[in-house]
J.: 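Here it is, the structure in full.
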Amino acid sequence: MWGDPARGRAIVANRQVGLCLLCHRGPFPEERFQGNLAPDLQGAGARWSEGQLRLRIVDSGRINPATIMPAYHRSEGLVRVAPAWREKPVLSAQQIEDVVAFLMTLRD
Ligand code: HEC
């Protein structure tokens, strides 16, 4: 299914699900505390193609093995995962598409 930018925005801003704002800041005027460990998400849709964004969310370690950004859709190769979370990616494939669709709207 195609990604839904409104759902994607909610995932990115959510403190339990995406946690993106722990490290990133972005165009979220309603969010008081935003991160400064990572690039501003504003303009991400202009800097990167849809495929490049998807790869960064799914498994950014493929681009930068030393990254602190979590792999949001990878279940293999993780160590010390609690049993309830084994084999379960942080975000579902649909949620990944939603997040990518939202990031594509951040063009300036
Ligand atoms: C623990 C910190 C952390 C979290 C959480 C995190 N990121 Fe990142 N992210 C980074 C860092 C650091 C980079 C810079 C590249 C690198 O070091 O891999 C980055 C890079 C990116 C980029 C490329 C930015 C650019 O324009 O260069 C995008 C897009 C991105 N992250 C989106 C997200 C989204 C969406 C989420 C939540 C689903 C998220 N990140 C969660 C740390 C984080």
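Start at 1 and go down the list; that is how both ligands and their atoms are numbered. The first residue of the sequence shown is numbered 1, and numbering continues consecutively from there.
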J.: For L41 and H24, work out which heavy atoms get closest and say how close.
T.: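 Heavy-atom minimum between the residues: CD2-ND1, 3.5 Å.
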
J.: Does R56, backbone or side chain, put an N or O under 3.5 Å from an N or O of ligand 1?
T.: no

J.: V99 vs I96, test: side-chain contact (heavy atoms from CB on, under 4.5 Å). Steps then yes/no.
T.: CA-CA 5 Å; V99 169; I96 297 285; 5.9 Å; no

J.: Backbone or side chain, does any N or O of N64 fall under 3.5 Å from an N or O of ligand 1?
T.: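 Looking only at distances, the answer is yes, because the N/O contact criterion of under 3.5 Å is met.
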
J.: Considering only the protein, which heavy-atom contact is closest to atom 41 (C) of ligand 1, and what is its distance?
T.: Y72 OH, 3.3 Å

J.: Is the closest side-chain heavy-atom distance between L103 and W48 below 4.5 Å?
T.: no

J.: What atoms of ligand 1 come closer than 4.0 angstrom to any heavy atom of L19?
T.: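 Near L19, meaning under 4.0 Å from one of its heavy atoms, ligand 1 has 5 (C).
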
J.: Short list, please: which atoms of ligand 1 are under 4.0 Å from a heavy atom of V99?
T.: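 Within the 4.0 Å cut-off of V99, ligand 1 contributes 35 (C).
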
J.: Give a yes or no on whether the backbone of V90 and the side-chain of R74 come within a donor-acceptor separation of less than 3.5 Å.
T.: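 Here the side-chain-to-backbone pair does not exist.
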
J.: In terms of residue, atom name and distance, what is the protein heavy atom nearest to atom 25 (C) of ligand 1?
T.: W48 NE1, 3.1 Å

J.: Of M69, Q42, Q52, R47, which has the heavy atom at the shortest distance from atom 42 (C) of ligand 1?
T.: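 That would be M69.
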
J.: May I ask whether atom 3 (C) of ligand 1 is less than 4.0 Å from at least one protein heavy atom?
T.: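 It does: a protein heavy atom is found less than 4.0 Å away from atom 3 (C) of ligand 1.
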
J.: Is it true that L22 lies under 4.0 Å from ligand 1, counting heavy atoms only?
T.: no

J.: Any idea which heavy atoms bring G3 and D98 closest together, and the distance?
T.: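 Closest approach of G3 to D98: CA-OD1, 3.3 Å.
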
J.: Does F102 come within less than 4.0 angstrom of ligand 1, counting non-hydrogen atoms of the residue?
T.: no

J.: Looking only at protein heavy atoms, which one is nearest to atom 1 (C) of ligand 1, and how far off is it?
T.: C23 SG, 2.6 Å

J.: My understanding is that we take every heavy atom of each candidate and find the minimum distance to atom 10 (C) of ligand 1. Doing that for C20, A38, A46, which one comes out nearest?
T.: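 Nearest heavy atom to atom 10 (C) of ligand 1 lies in A38.
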
J.: Please tell me if the side chains of L21 and R15 come closer than 4.5 Å, counting only heavy atoms from C-beta onward.
T.: yes

J.: Can you tell whether the side chains of E31 and R9 come within less than 4.0 Å, N to carboxylate O?
T.: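 Salt bridge flag = no for R9 with E31.
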
J.: Going by the order shown, which atoms of ligand 1 are within less than 4.0 Å of some heavy atom of L37?
T.: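 Every atom of ligand 1 under 4.0 Å from some heavy atom of L37: 12 (C).
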
J.: Which atoms of ligand 1 are found less than 4.0 Å from any heavy atom of I57?
T.: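 Near I57, meaning under 4.0 Å from one of its heavy atoms, ligand 1 has 32 (C), 33 (C), 34 (C), 35 (C).
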
J.: Give the residue, atom name and distance (to 0.1 Å) of the protein heavy atom nearest atom 29 (C) of ligand 1.
T.: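 Going atom by atom, the protein heavy atom closest to atom 29 (C) of ligand 1 ends up being L53 CD2, 3.6 Å.
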
J.: Note the single closest protein heavy atom to atom 16 (C) of ligand 1, along with its residue, its atom name and the distance in Å.
T.: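 The closest heavy atom on the protein side is T67 OG1, 3.3 Å.
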
J.: So which N/O/S atom does H24 have closest to atom 8 (Fe) of ligand 1?
T.: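 Nearest N/O/S atom of H24: NE2.
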
J.: Can you name the closest pair of heavy atoms from D40 and R25 and give their distance?
T.: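 Shortest heavy-atom contact: OD1-O, 3.2 Å.
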
J.: With heavy atoms under 4.0 Å as the rule, classify the contact between A66 and ligand 1 as side chain, backbone, both or neither.
T.: neither

J.: With respect to S60, determine whether any N or O atom, backbone or side chain, lies less than 3.5 Å from an N or O atom of ligand 1.
T.: no

J.: Determine the minimum heavy-atom distance between P89 and Y72, stating which atoms define it.
T.: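 Minimum heavy-atom separation between P89 and Y72: CB-O, 3.9 Å.
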
J.: Could you tell me the residue and atom name of the protein heavy atom closest to atom 28 (C) of ligand 1, and the distance to it rounded to 0.1 Å?
T.: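 Going atom by atom, the protein heavy atom closest to atom 28 (C) of ligand 1 ends up being L41 CD2, 4.0 Å.
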
J.: Between L53 and G45, which heavy-atom pair has the shortest distance, and what is it?
T.: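 Answer, listing the atom of L53 first, then G45: CD1-CA, 4.4 Å.
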
J.: Check whether Q34 reaches the backbone of L22 with its side chain - one donor and one acceptor, N or O, closer than 3.5 Å.
T.: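 No, Q34 side chain to L22 backbone: no donor-acceptor pair under 3.5 Å.
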
J.: Does V100 offer a backbone N or O that forms a donor-acceptor pair with the side chain of E50 under 3.5 Å?
T.: no

J.: Could you report the tightest heavy-atom contact between P70 and S60, atom names first, then the distance?
T.: O-OG, 4.4 Å

J.: Quick one: look up the protein heavy atom nearest atom 13 (C) of ligand 1 and list residue, atom name and how far away it is.
T.: P39 CD, 3.7 Å

